[in-house]
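Below is one structure, written out as structure tokens; comments come after it.
Letters A, B, ... mirror the listed sequences (proteins, then strands); counts begin at 1.
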Amino acid sequence: MNHSIILSITTFVYAFASVLYIGSWTFKKEVMAKTGFFILVTGFIGNTIGIILRWIESYKIGYGHAPFSNMYESLVFFSWTVAALYIFVEIKYRERIIGVFATPLVFLAIAYASLSPSISDKITPLIPALKSNWLIAHVITCFLGYAGFAVAFGFSIMYLIKPIELNTESRTLENKGGKNQINSLFAKLPPLDVMDELTHQMVMFGFLFLTIGIITGAVWANSAWGTYWSWDPKETWSLITWFIYAILLHLRMMRGWHGKRIAWVSIVGFMAVLFTYFGVNLLPGLHSYA
Amino acid sequence: MTINNNKIKSNNLFWNLFKSIKLTVVVLILLAATSVIGTLIPQNGTEQFYVQKYGEVFFKLFSSLDIFDMYNAWWFVLLLIILSINIIVCSIDKLQTTWKIIFPDKVAFNIERFRRLKHKEEFESPLNIEDIEGKYLSFIEKNFGIAVKESISIKDGGDNNGVADVAIFGEKGRWTRIGVYVVHLSILLMLIGAVIGGIWGFKAFVSIPEGETVDTAFLMDNNTPVKFGFNLKCNSFSVKFYDTGQPEEFKSNLTVIEDGKESITKDIVVNDPLRYKGLSFYQSSYGIDSAKNVLFKITSKESGMTYSQKMEFGQTIDIPESGGRFTLIEFVHGYNFRGHNLGEGFIGKFSENKSADNKLPKDNALLNNESLERDKTDKEKPIQDKENSEVEIYIPIKFPTFDKMRGGAFAFEIQDYDKKYYTGLQITKDPGVWYVYIGFIFMIIGCWITFFMSHQSICVEIRKKAERGCNIVVSGTANKNSQGMKLKVAKIAAKMQQI
């Protein structure tokens, strides 16, 4: 078994998990979300094994580097970080169904890696600029940041789609100890303030790791090129993303913004993340390799 | 700050403007929006490039707004200055209140505040208050660090069935309220570092051929020479490639020579610069400077014999078959032949033996004087001394049969040679980098505290029940992450139930 077979299977496992989560939302069946969670964990294990095998294979070929050096590897790792973070959140906050919009992102990233004709899954050697211990620290922290924002984005979409009237109903049901009303989907869904709080938590998680990612990148740039900041498009876009989430945090903590308004800012922020990740490759700059 | 001071401040327009969060948000939006421009319009290009790309009108408009170097433009710097003042004023303004919370004269707990909380955990215990209060107190102390036991006053409904009810308060993380100020300080440190680097630092470039020594580099901005204060020698440069053709490693071996003595020698590669006396030397580029150990193949037209000859620059050899003398003069990067650049090659001087003179073809003069013009115009033009029939010839590396076209008695071609590289080094001096790095550390620590640590307080209210045992209510609050605190209260209550 080589890594690419395992990662292809993982893609389908993630697809199945997404379908189950979406199904649990559409057909109002909690059991589907429960199953979805176990399928997601299975996919995550496959994803982990795939990454490790690719790492080992690169050593066997003689290139010997961590699998974080091109678009294919970064997308596979992006899936992994989003899945890891989502699994952690579901376990920690004991809320199901919140994966409706987060799990499809896990699937889409790895599917894009496997299916896009412009992304090669060949293991290639490392160019001199990437040969540094900072590579692993920089990539892992940046992607944890992206993952935090991705999950926050999923929660924000859920927040905006969830009808408000039904939420008040779910709260009253909860207060009455409405556990017998199992058939009502919205009674199952976490109340809006929980979604709001979770979005905020994810944004803070993402912000911390984006910050560390930018910092490790700056320290690395200083040791490789002699300057910690050179306004290269990728650097600049990561800073733009950082500004947007800094705005979100200030609006929330200092101006008391919450709910829908924060959800919209979080969506705008995630668009900036996507541009930092994919769009910048269209612009010239030092990050042209990844 | 005294009250008097505060009054002055609240009347101060400047202070009120800069303590506003709205200003922060506006400045951050402007910074984000304008930063996009610099990623779409290439920065620091040549005038020619911009005129060609955007046309004369837009070129003038953009350059009047400093768009082509926007991250150093006055308006971008102004935004950063406004942000800095905003951060300072906001922090000072808020810190006055926060400081009083972090270091209160007396920590006071208000039971009403906890009773008003929406979320509470309630359970019953068969034991009496005096049997459990001690256990609960030490449990809360273990989990929160600070715990106090107070009797609930009658005013607060404390006297229940003749026994005074008890409340246990616990709290931790009062100091974590400082986190956000650490983040703000870190941003200021980074900006200070950037300013220091901008004023006292520089970026320069120098290329050193293998074996040569330099003591000066040239600023990237305006080519001004900068002295290192010591000599730097490039002993060797090497480049390695993978079998895919991708570069694997660029490596220069450098020696610092100070006061005539070698002080250090180091191999530098792309991610591992040489740092010496505040200067850093980075592997930045490379190129072929010249060649060494050049192996010539000399073919005699008459006999058809070929001879191999290894040569160094300046060396003169006798051509076999008494053909004359050949001197290897120099290496050239390019050579213009009838409008085509034939690329890297060697220049040599060939004094043909007189007996061979009459065999020269008619267009020899044309070849040497008109069409062949070396790139280096500052050097003398090819000479042809008719008496000795001395010609300067160009022997390209890429086209081995080129010299045969000259039609001479002997044709020269390059069989082999070793490249002599030059290494391109970027030299930076940045005394501000340590401020920036300390800023980085503060930023990470500050964000961690601000986001994931909070000032949490908990209240355990123990009330005696009518007959036996007591009723326990656990509630808690935190200045951040209410969801997390809710779960924590539930966990604490569950554990207390088992005590």
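- Expressed to the nearest 0.5 Å, how far OH of B/Tyr242 lies from CD of B/Glu249 amounts to 9.0 Å.
- Interface remark: B/Ile29 contributes backbone and side-chain atoms alike to the contact with chain A (heavy atom separation under 4.5 Å).
- Aromatic ring pairs are classed by plane angle as parallel below 30°, tilted from 30° to 60° and perpendicular above 60°; the pair A/Trp55 and A/Phe68 is perpendicular.
- Smallest separation of non-hydrogen atoms from A/Ser156 and A/Ala263: CB-O, 3.6 Å.
- For chain A, no part of B/Asn479 is nearby; none of its heavy atoms comes within less than 4.5 Å.
- Within residues 435-446 of chain B, the residues that have a heavy atom under 4.5 Å from a heavy atom of chain A are B/Val436, B/Tyr437, B/Phe440, B/Met443, B/Ile444, listed by number.
- Sorted by first and then second residue, the side chain to side chain donor-acceptor pair (under 3.5 Å) pairs with a member in residues 178-198 of chain B read B/Ser91-B/His184, B/Thr98-B/Tyr181; sequence neighbours excluded.
- Taking every heavy atom of both residues into account, B/Gln43 and B/Tyr50 meet most closely at C-OH, 3.4 Å.
- A/Ser58 pairs by the side chain to side chain donor-acceptor pair (under 3.5 Å) definition with nothing, not counting sequence neighbours.
- B/Phe250 has its side chain out of reach of B/Thr423: every pair of non-hydrogen atoms, C-beta onward, lies at least 4.5 Å apart.
- The part of A/Thr211 that comes within reach of chain B is its side chain, from C-beta onward, which places non-hydrogen atoms under 4.5 angstrom from that chain.
- Chosen from B/Asp272, B/Thr24, B/Val36, the residue pairing most often with chain A at heavy-atom distances under 4.5 Å is B/Val36.
- Here A/Pro125 is the residue among A/Ala272, A/Ser132, A/Pro125 with the most heavy-atom pairs under 4.5 Å with chain B.
- When all heavy atoms of B/Gln246 and A/Ile127 are compared, the pair lying nearest together is NE2-CG2, 3.5 Å.
- Proximity to chain B (any heavy atom under 4.5 Å) is shown, for A/Asn222, by both the backbone and the side chain.
- Screening A/Phe243, A/Tyr245, A/Trp242 against A/Phe207 for a ring-ring contact (aromatic ring centres under 6.0 Å, His included) leaves a single residue, A/Trp242.
- Neither the backbone nor the side chain of A/Leu198 comes within contact range of chain B, judged by heavy atoms closer than 4.5 Å.
- B/Leu31 touches chain A through backbone and side chain together, each having a heavy atom under 4.5 Å away.
- When each of A/Gly226, A/Gly62, A/Ala218 is scored by its heavy-atom pairs under 4.5 Å with chain B, the top score falls to A/Gly226.
- For chain A, the option among B/Ser280, B/Pro273, B/Gly201 with the highest count of heavy-atom pairs below 4.5 Å is B/Pro273.
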Notebook entry, point to check: What's the verdict on ring-ring contact (aromatic ring centres under 6.0 Å, His included) for B/Tyr71 and B/Phe76, showing C-alpha distance, side-chain angles and the deciding distance?
Noted result: CA-CA 6 Å; B/Tyr71 301 112; B/Phe76 196 77; 5.5 Å; yes
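- Proximity to chain A is limited to the side chain of B/Tyr282, based on heavy atoms less than 4.5 angstrom apart.
- For chain A, the nearby parts of B/Ala194 are the backbone and the side chain; heavy atoms of each come within less than 4.5 Å.
- Interface residue B/Val25: backbone and side-chain heavy atoms are both found under 4.5 Å from chain A.
- Heavy atoms closer than 4.5 Å to chain A are found in both the backbone and the side chain of B/Ser35.
- Interface residue A/Tyr93: backbone and side-chain heavy atoms are both found under 4.5 Å from chain B.
- Among A/Val194, A/Ile244, A/Ile215, the residue with the largest count of heavy-atom pairs under 4.5 Å with chain B is A/Ile215.
- Contact tally against chain A (heavy-atom pairs below 4.5 Å) for B/Glu248, B/Lys480, B/Gln283: the top residue is B/Glu248.
- Look at A/Glu197 and A/Arg252 and you find a salt bridge, because one of the NZ, NE, NH1 or NH2 atoms lies within 4.0 Å of a carboxylate O, short of that distance.
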Notebook entry, point to check: Taking it one step at a time, do A/Leu239 and A/Trp237 satisfy side-chain contact (heavy atoms from CB on, under 4.5 Å)?
Noted result: CA-CA 5 Å; A/Leu239 186 67; A/Trp237 269 97; over 6 Å; no
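- Within the cation-pi definition used here (under 6.0 Å to the ring centroid, within 45° of the axis), A/Arg261 does not qualify as a partner of A/Trp264.
- Of the atoms belonging to B/Lys203, it is side-chain heavy atoms, and not backbone ones, that fall under 4.5 Å from chain A.
- For residues 139-153 of chain A, no residue pair satisfies the side chain to side chain donor-acceptor pair (under 3.5 Å) rule, not counting sequence neighbours.
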Next item on the list: Run the numbers on A/Trp220 and B/Asn271 for side-chain hydrogen bond (donor to acceptor under 3.5 Å, both in side chains), then give the verdict.
Entry: CA-CA 8 Å; A/Trp220 182 9; B/Asn271 272 298; 2.8 Å; yes
